[in-house]
Amino acid sequence: MKLPFSRRTIFLGIAAALHASLATPALANEPNWPTKPVKLVVGYAAGGATDVIARLVANRMGTELGQTMVVDNRSGANSNVGAEVVARAPADGYTLYVFTIANTINASLYSKLGYDPVKDFEPIGMIAKIPNLMVVNPSLPAHSVQEYIKYAKESKDGVTFASSGSGSSIHLSGEMFKMKTGLNMLHIPYRGSAPAVSDLLGGQVQSMFDNSPSAMPHVKAGKLRALAITSKERSPLLPDVPTVAESGFPGFEVQSWFGLSAPAGTPPAVVKRLNTALNAALNAPDVKQRLVDLVATATPGTPDDMRKFVASELKNWNEVVKASGAKAD
């Protein structure tokens, strides 16, 4: 039987309110959120810089939240696979994503994405920034940037450089270097930093502009040779390694970065709770020291800080991608 208009309107209003309450369980049904483990999706394979930093933060945040934070590696398409998983996840705070520089690069690199880097994510806060290290297999007869250039020019095949995926900061660091030097450099993309480093160690590829956390242990062990660092200044942990800028390329600088985000529509109360836990984790003495060991700089702040930073990165990398002519599809 059809309800009178007024009663039907009231009925629909009640139904809509019920639907809204079910759609936001973190507020309506879970006032003590979180009441179960939180999943942190990483868009790269285990062992790379993103994974290393994610696990460090997840462990401490789990303590702050009183629930386990489980890292879920969903590699592929320069982190787009993981991003799409989270963009489509329920906005209840139980599925989070390590948003990186790659996501702002991908916006220009891919003609079509399965997600919108701005509209589909709720910023929680920045985690850290790190420089890249220009590293080579020790068998390569180059102990400086200039020797690397000399070798590449004299080799009929040029040189190869690996990356964690097309369009990653690791890839575009190499592309920027290629543009400035005019060298014949063949890009070899991998599904994450870890497999790329593995082949670099094995000599299947010759060089890489790897994120410092994953490259540092191998440099310290003498398994890789660091020629330069992509930050403005030298690192106290590698005082003898010059910057790319001081090696003949003024102004050359690339900083990879990592932030924490949730699906768009995540309740503000949950975002606030997560931001508080994240900043507490970043200010914990053991986490701060570990980040220093990884040549990373902690960047605690607000969700709005991250929102503004992401907007500026989208603009900056759009210009770099256009200049390089790089495309992933």
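Since we're looking at a predicted model, the values are computed, not measured.
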J.: Quick one: does N318's side chain have a donor or acceptor within less than 3.5 Å of a partner on T104's backbone?
T.: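 Not a single qualifying donor-acceptor pair exists.
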
J.: Would you say the side-chain atoms of W33 pair up with the backbone N or O of D92, donor to acceptor, closer than 3.5 Å?
T.: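 Such a contact is found between W33 side chain and D92 backbone.
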
J.: Output the distance between atom OG1 (T63) and atom CG (L65), rounded to the nearest 0.5 Å.
T.: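 Answer rounded to 0.5 Å: 9.0 Å.
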
J.: Side chains of N106 and P117: closer than 4.5 Å at any heavy-atom pair?
T.: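 Not in contact.
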
J.: Transitively linked via ILVMFWY side-chain contacts under 4.5 Å: M306 with L278?
T.: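 Looking at the clustering, L278 is in a separate group from M306.
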
J.: I170 and D210: side-chain contact (heavy atoms from CB on, under 4.5 Å), yes or no, with the steps?
T.: CA-CA 6 Å; I170 295 173; D210 194 24; 3.4 Å; yes

J.: Among the clusters formed by ILVMFWY side chains lying less than 4.5 Å apart, do V42 and Y115 turn up in the same one?
T.: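 In one cluster with V42: Y115, no.
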
J.: Looking at every non-hydrogen atom in both residues, tell me the closest pair between L96 and V86 and how far apart they are.
T.: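 It is O-CG2, 3.6 Å.
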
J.: Can you find a heavy atom in the side chain of H171 that is under 4.5 Å from one in the side chain of S164?
T.: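 No, side chains not in contact.
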
J.: Under a 3.5 Å distance rule, please check whether S212 uses its side chain to pair with a backbone N or O of I130 as donor and acceptor.
T.: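 Not confirmed, S212 side chain does not pair with I130 backbone.
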
J.: For L237 and D293, work out which heavy atoms get closest and say how close.
T.: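 For L237 versus D293, the nearest heavy atoms are CD1-O, 3.4 Å.
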
J.: Measuring only between side-chain heavy atoms, which start at C-beta, is P303 closer than 4.5 Å to E122?
T.: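 They are not in contact (no side-chain heavy atoms under 4.5 Å apart), so the answer is no.
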
J.: Please check: side-chain N/O of S155 versus main-chain N/O of A152, any donor-acceptor pairing under 3.5 Å?
T.: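 Not confirmed, S155 side chain does not pair with A152 backbone.
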
J.: Between D286 and R290, does any side-chain N to carboxylate O distance fall below 4.0 Å?
T.: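 Result for this pair is no, no salt bridge flagged.
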
J.: Output side-chain donor-acceptor pairs under 3.5 Å for residues 247-255, partner residues at least two apart or in another chain, one line each.
T.:
residue: S247; atom: OG; partner: T243; partner atom: O; Å: 2.8

J.: Hey, what do you get for CE (M126) to CG (L260), rounding to the nearest 0.5 Å?
T.: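 That separation rounds to 11.0 Å.
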
J.: Supply the atom-to-atom distance S235 OG to D240 CG, rounded to the nearest 0.5 angstrom.
T.: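 Output value for this atom pair is 11.0 Å.
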
J.: Looking only at non-hydrogen atoms, find the nearest pair between G93 and V270 and report the distance.
T.: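 Heavy atoms only, the tightest pair is CA-CG1, 3.8 Å.
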
J.: Passes side-chain contact (heavy atoms from CB on, under 4.5 Å), T276 versus E64? Steps please.
T.: CA-CA 9 Å; T276 299; E64 296 291 334; over 6 Å; no

J.: Grouping I, L, V, M, F, W and Y whenever their side-chain heavy atoms are under 4.5 Å apart, do V71 and I124 come out in a common cluster?
T.: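 Yes, same cluster.
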
J.: Show your working on side-chain contact (heavy atoms from CB on, under 4.5 Å) between W317 and L172 and close with a plain yes or no.
T.: CA-CA 9 Å; W317 285 111; L172 289 185; 3.7 Å; yes

J.: Other residues, nucleotides and ligands only: do more than 12 of their heavy atoms fall within 6.0 Å of NZ on K315?
T.: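 No, NZ of K315 has 12 or fewer neighbouring heavy atoms, counting only those of other groups under 6.0 Å.
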
J.: Which heavy atom in M61 sits nearest to a heavy atom in A281, and how many Å separate them?
T.: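 Smallest interatomic distance, heavy atoms only, reads CG-CB, 4.0 Å.
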
J.: Is there a side-chain contact between K272 and N275, using heavy atoms and a 4.5 Å cut-off?
T.: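 Counting from C-beta outward, K272 and N275 never come under 4.5 Å.
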
J.: Tell me, do V310 and W257 make a side-chain contact under 4.5 Å, heavy atoms counted?
T.: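 In short, these two side chains touch, coming nearer than 4.5 Å.
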
J.: State the CG-CG distance between L201 and L224, to the nearest 0.5 angstrom.
T.: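 That separation rounds to 4.5 Å.
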
J.: Mind listing the closest non-hydrogen atom pair of Q206 and G158 along with its distance?
T.: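 Shortest heavy-atom contact: OE1-O, 4.1 Å.
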
J.: Could you verify whether a donor N or O on one side chain and an acceptor N or O on the other, from S207 and Y148, lie under 3.5 Å apart?
T.: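 On atom types as modelled, these side chains qualify, holding a pair under 3.5 Å.
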
J.: With the 4.5 Å side-chain cut-off for hydrophobic clustering, are Y94 and V85 part of the same group?
T.: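 Cluster IDs for Y94 and V85 differ.
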
J.: Under 4.5 Å between any side-chain heavy atoms of V205 and Y190, yes or no?
T.: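 Sidechains of Y190 and V205: in contact.
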
J.: Roughly how far, to the nearest 0.5 Å, is the CE atom of M69 from the CG atom of N59?
T.: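 Those atoms lie 10.5 Å apart.
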
J.: To the nearest 0.5 Å, tell me how far L140 CG sits from T160 OG1.
T.: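 Between atom CG of L140 and atom OG1 of T160 there are 8.5 Å.
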
J.: T181 side chain to F177 main-chain N or O, any donor-acceptor pair under 3.5 Å?
T.: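 Yes, T181 side chain to F177 backbone: donor-acceptor pair under 3.5 Å.
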
J.: Using distance alone, with no hydrogens and no angle criterion, decide if S139 and N137 have a side-chain donor and acceptor under 3.5 Å apart.
T.: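 Yes, because at least one side-chain N or O of S139 sits under 3.5 Å from a partner of the opposite role on N137.
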
J.: Check whether L183 and V135 end up in the same hydrophobic cluster, where Ile, Leu, Val, Met, Phe, Trp and Tyr are linked by side-chain heavy atoms less than 4.5 Å apart.
T.: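 Hydrophobic grouping puts L183 apart from V135.
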
J.: Any donor-acceptor pair under 3.5 Å linking the side chain of N73 with the backbone of Y44?
T.: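 Checked: pair present.
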
J.: Side chains of T230 and S173: is there a donor and an acceptor less than 3.5 Å apart?
T.: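 There is no such pair between these side chains.
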
J.: Donor-acceptor pair, distance only, cut-off 3.5 Å: does the side chain of D120 make one with the backbone of D116?
T.: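 Judged by distance alone, yes, a pair lies under 3.5 Å.
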
J.: When you compare the side chain of F161 with that of E175, does any pair of heavy atoms fall below 4.5 Å?
T.: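 Of all side-chain heavy-atom pairs linking F161 with E175, at least one is under 4.5 Å.
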
J.: Given F209 and M134, is the side-chain contact (heavy atoms from CB on, under 4.5 Å) satisfied, shown in steps?
T.: CA-CA 4 Å; F209 283 80; M134 181 182 181; 3.8 Å; yes

J.: Counting N and O atoms only, with roles assigned by atom type, does the side chain of D305 sit under 3.5 Å from a partner on the main chain of T302, one being a donor and the other an acceptor?
T.: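 Checking the backbone N and O of T302 against the side chain of D305, a donor-acceptor pair under 3.5 Å is found.
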
J.: At their closest point, which heavy atom of A142 faces which heavy atom of V136, and how far apart are they?
T.: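 Distance-wise, the nearest heavy atoms are O-CG2, 4.1 Å.
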
J.: Does Q146 have more than 12 heavy atoms from other residues, nucleotides or ligands lying within 6.0 Å of its CD?
T.: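 It does: Q146 CD has more than 12 such atoms within range.
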
J.: Does any N or O in the side chain of R225 come within less than 3.5 Å of the main-chain N or O of P138, such that one atom is a donor and the other an acceptor?
T.: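 Yes.
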
J.: Indicate yes or no: at least one non-hydrogen side-chain atom of H187 is less than 4.5 angstrom from one of K178.
T.: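 When only atoms from C-beta onward are counted, K178 and H187 do not touch, as no gap falls below 4.5 Å.
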
J.: Is a side-chain N or O of T100 found less than 3.5 angstrom from the main chain of A102, in a donor-acceptor match?
T.: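 Answer holds: yes.
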
